[in-house]
Amino acid sequence: KAGVTQTPRYLIKTRGQQVTLSCSPISGHRSVSWYQQTPGQGLQFLFEYFSETQRNKGNFPGRFSGRQFSNSRSEMNVSTLELGDSALYLCASMIGTGAYEQYFGPGTRLTVT
Amino acid sequence: EDQVTQSPEALRLQEGESSSLNCSYTVSGLRGLFWYRQDPGKGPEFLFTLYSAGEEKEKERLKATLTKKESFLHITAPKPEDSATYLCAVRPQGAQKLVFGQGTRLTINP
């Protein structure tokens, strides 16, 4: 059974640009969550989608947005990039809502210069 | 505010030297506590889910336990391949998210 896939794996962008990251969950999983991981802040929750609806959002500015498609694939977008947005962005899939385990992808390493 | 604190931040052991990692939490109703392992440059790998105080789960050299305020990850006779960062996370009641601790970086020397 294939795991969570994320593309691209590495990305270098310039301040002020925007970026779109993609996540394909495990087959049959309908919930997708996004997290930002930095050395200083650790893993922080961005948002969660289930059946194309955003169910919860973390404490991030409106520059961070996401969406989910009918096939459960998800994208997140960051507009007007700042240096502090450099991080590992992780996508996690879960079979449904509730206290199920989340399975993480390998992440997208974003570097903003 | 929901909070997870892991200790120690880093731990260095000799191969075969057993120890425990701690995860203490304050949460508005616990829907689940999760342990993950993360290797450098990779996403977290799921290890265990614990739901209620007194519950225990085991997998190879790892054993996770849960009380009302903390969880322990016991590592018995570790091997160098157990070296990784171990992350603890909680899912609060009514919240569709995981709240993570900062992790414990474990190094096992041969």
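Residue numbers start from 1 in every chain, and the chains themselves are labelled A, B, ... in the order their sequence lines are given, proteins ahead of strands.
In this structure, B/E9 places its CD atom where only 12 or fewer heavy-atom neighbours from other residues, nucleotides or ligands lie under 6.0 Å away. Few gaps surround CG on A/N71; more than 12 heavy atoms of other groups in view lie less than 6.0 Å from it. By the neighbour-count criterion of 12 heavy atoms within 6.0 Å, atom NZ of A/K57 is densely surrounded, having more than that number from other residues, nucleotides or ligands. Counting heavy atoms of neighbouring residues, nucleotides and ligands inside a 6.0 Å radius, atom CZ of B/R12 does not exceed 12 of them.
B/T49 places none of its side-chain heavy atoms less than 4.5 Å from the side chain of A/Y100. Two residues are said to be in side-chain contact when any heavy atoms from C-beta on lie closer than 4.5 Å; B/Y36 and A/Q102 meet this criterion.
Interatomic distance, B/L98 CG to A/E48 CD, rounded to the nearest 0.5 Å: 9.0 Å. Expressed to the nearest 0.5 Å, how far CZ of A/F104 lies from CG of B/L87 amounts to 8.5 Å. Within the model, atoms NZ of B/K97 and CZ of A/F47 stand 14.0 Å from one another, a figure rounded to the nearest 0.5 Å.
Interface remark: of the candidates B/G41, B/P44, B/G43, B/P44 forms the most heavy-atom pairs closer than 4.5 Å to chain A. Note on A/R55, A/Q6, A/R109: by heavy-atom pairs under 4.5 Å with chain B, the leading option is A/R55.
No path of Ile, Leu, Val, Met, Phe, Trp and Tyr side chains, each step under 4.5 Å between heavy atoms, connects B/V90 with A/Y35, placing them in separate hydrophobic clusters. Hydrophobic cluster membership is shared by A/L83 and A/L81, with clusters built from Ile, Leu, Val, Met, Phe, Trp and Tyr side chains linked at under 4.5 angstrom. If you chain together hydrophobic residues whose side chains sit under 4.5 Å apart, A/L88 and A/V19 never meet in one group. The cluster map of Ile, Leu, Val, Met, Phe, Trp and Tyr, joined by side-chain heavy atoms under 4.5 Å apart, puts A/F60 and A/L11 in the same cluster.
Looking at A/L90, the atoms closer than 4.5 Å to chain B (heavy atoms on both sides) all sit in the side chain, from C-beta outward.
Shown here for B/Y51 and A/E101, the closest heavy-atom pair between the two residues is OH-OE1, 4.5 Å.
With hydrogens and angles left out, the side-chain atoms of B/Q38 and A/Q37 include a donor and acceptor closer than 3.5 Å.
Under the 6.0 Å cut-off for aromatic ring centres, B/F100 and A/F45 do not qualify, their centroids lying 6.0 Å or more apart.
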